[in-house]
Amino acid sequence: LFICGGAFIGLDKIISQRLDKKTIGFVAEISGKKERDIGEILKNVQPEDLIKFGMIPEFVGRMPVVSSLHELDEEALITILTEPKNALVKQYQALLKLEGVDLTFTKDALKSVATEAMKRKSGARGLRSIMEGIMLDIMYDIPDMEGVNECIISQDVVLKGKPPIIVYERKSSQA
């Protein structure tokens, strides 16, 4: 059983060239290239497209079923960040919890992380590098700070590189 996965950058162009061959006559379909998204184009992949892409025919012949997936949208990326058992947000929260600090991401911050991953066209893999960029200084600085109760990551932290909101413990005054 062969299972291949990846982005296959440029395969959509090969398929589009094959699909966009003009026909003449009453049955000709006229459609612009902008009308189809990459997911729709990749649904039409044929073995000849994979060979033209650069795979050897012997390998392509061992893949009887070819299936394509749609790109992840913003909502799916936010779900990946927050919901799985080992989600990135949960991992960072657990690390800071070891220091006695609660880590909170605002909804706008999570949305901005997902938007940035979509801009980079890096899918779910890009989420880790974006999160590491945001959390690097925070993970280094928080353990040395006294009395920190909570760290809040807002949209400004993600987009503008501003420092997070730090909530300190209230000191009770003794008289």
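Excluded from the calculations below are hydrogen atoms, water molecules and symmetry mates; all remaining heavy atoms, backbone and side chain alike, are included. On a predicted model such as this, the values are computed, not experimentally measured, just so you know.
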Check Met118 against Asp73 and note the closest heavy-atom contact, atom names and distance.
SD-C, 4.0 Å
Are Arg120 and Glu116 ion-paired here, with the side-chain N under 4.0 Å from a carboxylate O?
yes
Residues, nucleotides or ligands: over 12 heavy atoms within 6.0 Å of Glu71 CD:
no
Residues Ala114 and Ile78: closest non-hydrogen pair is CB-CG1, 3.8 Å
Quick check: does any side chain N or O of Gln91 sit under 3.5 Å from a backbone N or O of Asn86, one acting as donor and the other as acceptor?
yes
Just by modelled atom types, is the Asn44 backbone N or O under 3.5 Å from a matching donor or acceptor in the Arg18 side chain?
yes
Check whether any side-chain heavy atom of Ile153 sits under 4.5 Å from a side-chain heavy atom of Met135, and report yes or no.
yes
Any link between Leu42 and Leu72 through a network of hydrophobic side chains (Ile, Leu, Val, Met, Phe, Trp, Tyr) touching at under 4.5 Å?
no
Can you get from Leu69 to Leu127 by hopping between Ile, Leu, Val, Met, Phe, Trp and Tyr side chains that sit under 4.5 Å apart?
no
To the nearest 0.5 Å, tell me how far Ile134 CD1 sits from Phe105 CZ.
6.5 Å
Lys43 side chain to Ser68 backbone, donor-acceptor under 3.5 Å
no
Any Asp156 side-chain heavy atom under 4.5 Å of Asp108 side chain
no
Step by step, would you call Met145 with Val101 a side chain to side chain contact (heavy atoms under 4.5 Å, CB included)?
CA-CA 10 Å; Met145 300 171 92; Val101 177; over 6 Å; no
Between CD of Glu74 and CG of Leu110, what distance do you get to the nearest 0.5 Å?
10.5 Å
When rounded to the nearest 0.5 angstrom, what distance separates CD in Glu99 from SG in Cys151?
12.0 Å
Listed once per pair and sorted, the side chain to side chain donor-acceptor pair (under 3.5 Å) pairs that draw on residues 133-155, sequence neighbours left out:
Thr104-Glu150, Ser112-Gln155
Assess the residue pair Thr82 and Lys90 against the criterion (side chain to side chain contact (heavy atoms under 4.5 Å, CB included)); give the C-alpha distance rounded to whole Å, side-chain angles, the decisive distance to 0.1 Å, and a yes or no.
CA-CA 7 Å; Thr82 57; Lys90 291 178 182 178; over 6 Å; no
Please test Ile142 against Ile166 for side chain to side chain contact (heavy atoms under 4.5 Å, CB included), starting from the C-alpha separation and ending with a verdict.
CA-CA 9 Å; Ile142 292 284; Ile166 304 292; 3.7 Å; yes
Exercise: identify the closest heavy-atom pair between Val158 and Ala109:
CG2-O, 3.8 Å
Calculate, to the nearest 0.5 Å, the distance between atoms CD1 and CD belonging to Ile51 and Glu58 respectively.
8.5 Å
For Pro84 and Ile80, work out which heavy atoms get closest and say how close.
CD-O, 3.4 Å
Other cluster members, Val167 - Ile/Leu/Val/Met/Phe/Trp/Tyr, side-chain contacts below 4.5 Å:
Ile152, Ile165
For atom NZ of Lys111, is the number of surrounding heavy atoms from other residues, nucleotides or ligands below 6.0 Å larger than 12?
no
If every non-hydrogen atom of Phe53 is compared with every non-hydrogen atom of Gly10, which pair is closest and at what distance?
CE1-C, 4.2 Å
Interatomic distance, CG@Leu19 vs CD@Gln46, rounded to 0.5 Å, equals 9.0 Å
For the NZ atom of Lys162 and the NZ atom of Lys160, what is their distance to the nearest 0.5 Å?
5.0 Å
What one should report as the nearest heavy-atom pair of Val157 and Pro163 is CG2-O, 3.6 Å
If the condition is salt bridge (Lys or Arg N to Asp or Glu O under 4.0 Å), which residues does Glu132 pass it with, not counting sequence neighbours?
Arg128
Following the transitive rule for hydrophobic clusters with a side-chain heavy-atom cut-off under 4.5 Å over Ile, Leu, Val, Met, Phe, Trp and Tyr, establish whether Ile9 and Ile14 coincide in one cluster.
no
Is any side-chain heavy atom of Leu50 closer than 4.5 Å to one of Met63?
yes
